**Student:** 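My questions all concern the structure below.
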Number of protein chains: 4
Amino acid sequence: MARTIGSHGPKTLEAIRKAGVRLIYEHGYEAMSLRQLAAEVGIQAGSLYNHISTKQDLLFDLVQDHINDLLRQLDLALEGKTDPVEKLRIFVGFHVSYHMTRKRETFIANSELRSLEPKNYEVVVALRGAYEGRLTQILADGVAEGAFEVVDIQIATFAILALLTGPCSWYRPGGRLTKEAILAAHEKLVLSGVGAAQTATGEVREASNRPHSALAGERP
Amino acid sequence: MARTIGSHGPKTLEAIRKAGVRLIYEHGYEAMSLRQLAAEVGIQAGSLYNHISTKQDLLFDLVQDHINDLLRQLDLALEGKTDPVEKLRIFVGFHVSYHMTRKRETFIANSELRSLEPKNYEVVVALRGAYEGRLTQILADGVAEGAFEVVDIQIATFAILALLTGPCSWYRPGGRLTKEAILAAHEKLVLSGVGAAQTATGEVREASNRPHSALAGERP
Amino acid sequence: MARTIGSHGPKTLEAIRKAGVRLIYEHGYEAMSLRQLAAEVGIQAGSLYNHISTKQDLLFDLVQDHINDLLRQLDLALEGKTDPVEKLRIFVGFHVSYHMTRKRETFIANSELRSLEPKNYEVVVALRGAYEGRLTQILADGVAEGAFEVVDIQIATFAILALLTGPCSWYRPGGRLTKEAILAAHEKLVLSGVGAAQTATGEVREASNRPHSALAGERP
Amino acid sequence: MARTIGSHGPKTLEAIRKAGVRLIYEHGYEAMSLRQLAAEVGIQAGSLYNHISTKQDLLFDLVQDHINDLLRQLDLALEGKTDPVEKLRIFVGFHVSYHMTRKRETFIANSELRSLEPKNYEVVVALRGAYEGRLTQILADGVAEGAFEVVDIQIATFAILALLTGPCSWYRPGGRLTKEAILAAHEKLVLSGVGAAQTATGEVREASNRPHSALAGERP
DNA sequence: AATGAATGAGCTTTCATTCAT
DNA sequence: TATGAATGAAAGCTCATTCAT
């Protein structure tokens, strides 16, 4: 049978990764079958092995690449900044934006770690630790400077990350809540939560004047 | 062959549920095999069907029972309270305590919904919506009274829940962080986050004086 | 749980046999499960074993009893008759009537022999051979007397039995075709088929004057 | 492990169908396991699914193909004929020959319809109805022309089919009874049975002069 | 780089049967 | 005599992976 035009070489790998992200996001790694994935890409299951080595490796690559990218871009965004409050605001903005833009990759990187083989798991957890460490450091600096007031830096780190990652599981583009509103709301929550003075940055205050009554959510 | 004494009737079901919770927590619903589960309980795989109707139903029952219990106990804890700030503090306390105590059930109820069949999924999502609704209402009341200040009530609901549910994925009994410390930290984060005046409840301020430097987490 | 009143002792066995006949007729022996059977009777699967020894034995008993009964009643009907033509007519009448009345048992005795264990199979086949032998003998006598004209007695035996047993797979009480019409039609077919002079028995000729146009059958 | 040479592609499917026919004929559809079937073909059970979609579909295909073939060849044999008596004789000859040649397929098509899923069952029954309709039409034409005399055309259709299909359950190649003898005997039975004048076709009369005494059958 | 056919292990579920109560 | 819980085998089917072509 003639093969589908346009799925040669590296393009096929990209198609596999893309379909993989979607299928893992939708069904979970365990529940996704390589036959499904192959069908999505338009090839036979066996042909996948011209592009990936194992199903496990596909997951590992997707997760690892995601976190590496996350870390690289975060460092880019923070480059040259010194004020803890500004850095925290940048962190919040970056994290929320990035997670809403690539919610599927994020979701996978958070919820499918369990399916990683021990060796792969450790690699990924180390990377994740580095990313978390950036936030911990910001908080520690801020507390040292007296800019933040938190009960426990470790807890605060986890809590803020949990809070900021939340939207990636309910955000729907085109819904009632715009990215900007979500970002503003989380920025306020975090900065208030750590006791940062926010008076200087007028936008937050302004944002809080928007209507906020709607009880109907957009979760599916 | 003689069967193991002491594993009859309802006891067996309870053992199945208990082992089920643990295995699903550890490997995920899809990755848990009924052979594994049966072995854990000490019976043959086929014998499971004297107690459950399908694997799917086991998951559904576990999740549904968990959320029902959660809702019932929350309402018990909130009974008779009227002040939004007090109610929010109770909500935070209840949620965090409950989730740390039954972290496995909570984890399952959060992360395995994807594995529920559509009909079961809808039932559970409706229950979860009722639980979330309690928090939404508290926030709405507080905003109406001027006690809270939030950008968007819906976002705040999701954010607070994400934040509060976080510990169940990293809390380890016996670790550096006690339940009390975690609870206090989250209470402060939430109340500060929504702009509630906390001066009246001295404990929170006090708690913030504890050391908080440790950067090493207890995530696995 | 209290047991259903009216299903004690021999009554239960009778209920099992009755339900067994129906279920085997509907689904086949292999496809009928003892759980199904037990449910039909209103007891638990394990309780069946107070009344039957094995599933195989239930089938064997049903088939054996059926053929024994068939043989006994045939001999009763033929008792004292000597004229081959009359005996053949009696055989046809008896066989068709009996099979339409107990079509399920007949069906089972014909189509589930395959499921009998070798030893049981042989017993039943011997019984069936005895029944077939009655017809063979009638035909042989008739041929010897010059009353019948058949190509091969053995073939004629099989053919007549196949022909006469047919109705039990399509007869529906209350349908267009009455038992009497079916009986008359088969009597004529058989007697004509073996070349028996039928002029003496006016009814057959008469019956042939009835309308016979309907092409629409009553098979389900 | 190297796979058996010579069992690739369509050959494997043909082997599966062939073995399937034999196993279903011997044990029945329900009693045949796919592991058995696969072993017969020389592959693993799972490999069957490279060639069939389900066990049910295998049965359906076998039965459907058989009846389609039957119908096609019957129409070929009857092509251009107009005389009802000749057509009936052709029908008898074709049916008996075909069924003795492909007795296993025929047996399955008759006795395993019960195992077809409702949708498949209906398709097959419709096809079977078409085949039966050919005979019904021949009889109706013959009756209209005064060539046949039957009590009821519908009954006669069923009866003749039952009679003619009989041999496929007891015929053994190489036994005492040759195909020709069986054919002649059934031709005579049917033509006599419907009251067709047979004097014109000398062979039938002749055939009836053969010995016909053997009481011992060749049923297994 | 793709295919189609194969493997062997695994899955959930059903089954006839047993047996202490 | 009935029950409920157990067994151990087997069922149909899916899976990730391999490999000759």
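The shown structure was predicted, so the numbers you read here are calculated from the model rather than taken from an experiment.
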**Student:** Nearest to the side chain of C/Asn50 - E/dA16, E/dA6, F/dT3?
**Tutor:** F/dT3
**Student:** Paired with F/dA6 by Watson-Crick or G-U wobble geometry, both distances under 3.5 Å: which nucleotide is it?
**Tutor:**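 Result: E/dT17.
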**Student:** Starting at CD of D/Gln44 and ending at P of E/dA9, how long is that distance when rounded to a whole Å?
**Tutor:** 9 Å
**Student:** Are any of A/Ser33's side-chain N or O atoms less than 4.0 Å away from OP1 or OP2 of F/dT14?
**Tutor:** no
**Student:** Within the structure shown, what part of the strands sits under 4.0 Å from B/Ser47 by heavy-atom distance: base, sugar-phosphate, or nothing?
**Tutor:**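 Base: the residue B/Ser47, judged by heavy atoms under 4.0 Å, touches a nucleobase.
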**Student:** Toward the 5' end of DNA chain E, which comes first, D/Gly46 or B/Leu34, by nearest nucleotide?
**Tutor:** D/Gly46
**Student:** Taking CD1 from D/Ile16 and P from E/dA5, how many angstroms apart are they, rounded to a whole number?
**Tutor:**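 Taking CD1 of D/Ile16 and P of E/dA5, I get 10 Å after rounding.
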**Student:** C/Arg35 CZ to F/dT7 P: how many Å, rounded?
**Tutor:**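 Rounding to the nearest Å, CZ of C/Arg35 and P of F/dT7 are 13 Å apart.
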**Student:** A/Gly20 and A/Met32: which non-hydrogen atoms are nearest, and at how many Å?
**Tutor:** O-SD, 4.2 Å
**Student:** Between atom CG in A/Leu48 and atom C1' in E/dA1, what is the gap in whole Å?
**Tutor:**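 The answer, rounded to whole Å, is 12 Å.
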**Student:** Starting at CD of B/Glu30 and ending at C1' of E/dC11, how long is that distance when rounded to a whole Å?
**Tutor:**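 That distance rounds to 11 Å.
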**Student:** Are the side chain of D/Tyr29 and the backbone N or O of D/Gln56 linked by a donor-acceptor pair below 3.5 Å?
**Tutor:**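 At least one qualifying donor-acceptor pair exists.
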**Student:** Considering Watson-Crick and G-U wobble pairs with both distances under 3.5 Å, what does E/dA1 pair with?
**Tutor:** none
**Student:** Out of E/dT13, E/dA2, E/dT17, which nucleotide sits closest to the side chain of C/Ala45?
**Tutor:**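 So the side chain of C/Ala45 is nearest to E/dT17.
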**Student:** Round to the nearest Å and state the distance from C/Met32 atom CE to F/dA11 atom P.
**Tutor:** 18 Å
**Student:** Between D/Gln56 (CD) and F/dA11 (P), how many Å, whole number?
**Tutor:** 18 Å
**Student:** For A/Tyr49 and E/dA2, give me the distance from atom OH to atom P, rounded to whole Å.
**Tutor:** 15 Å
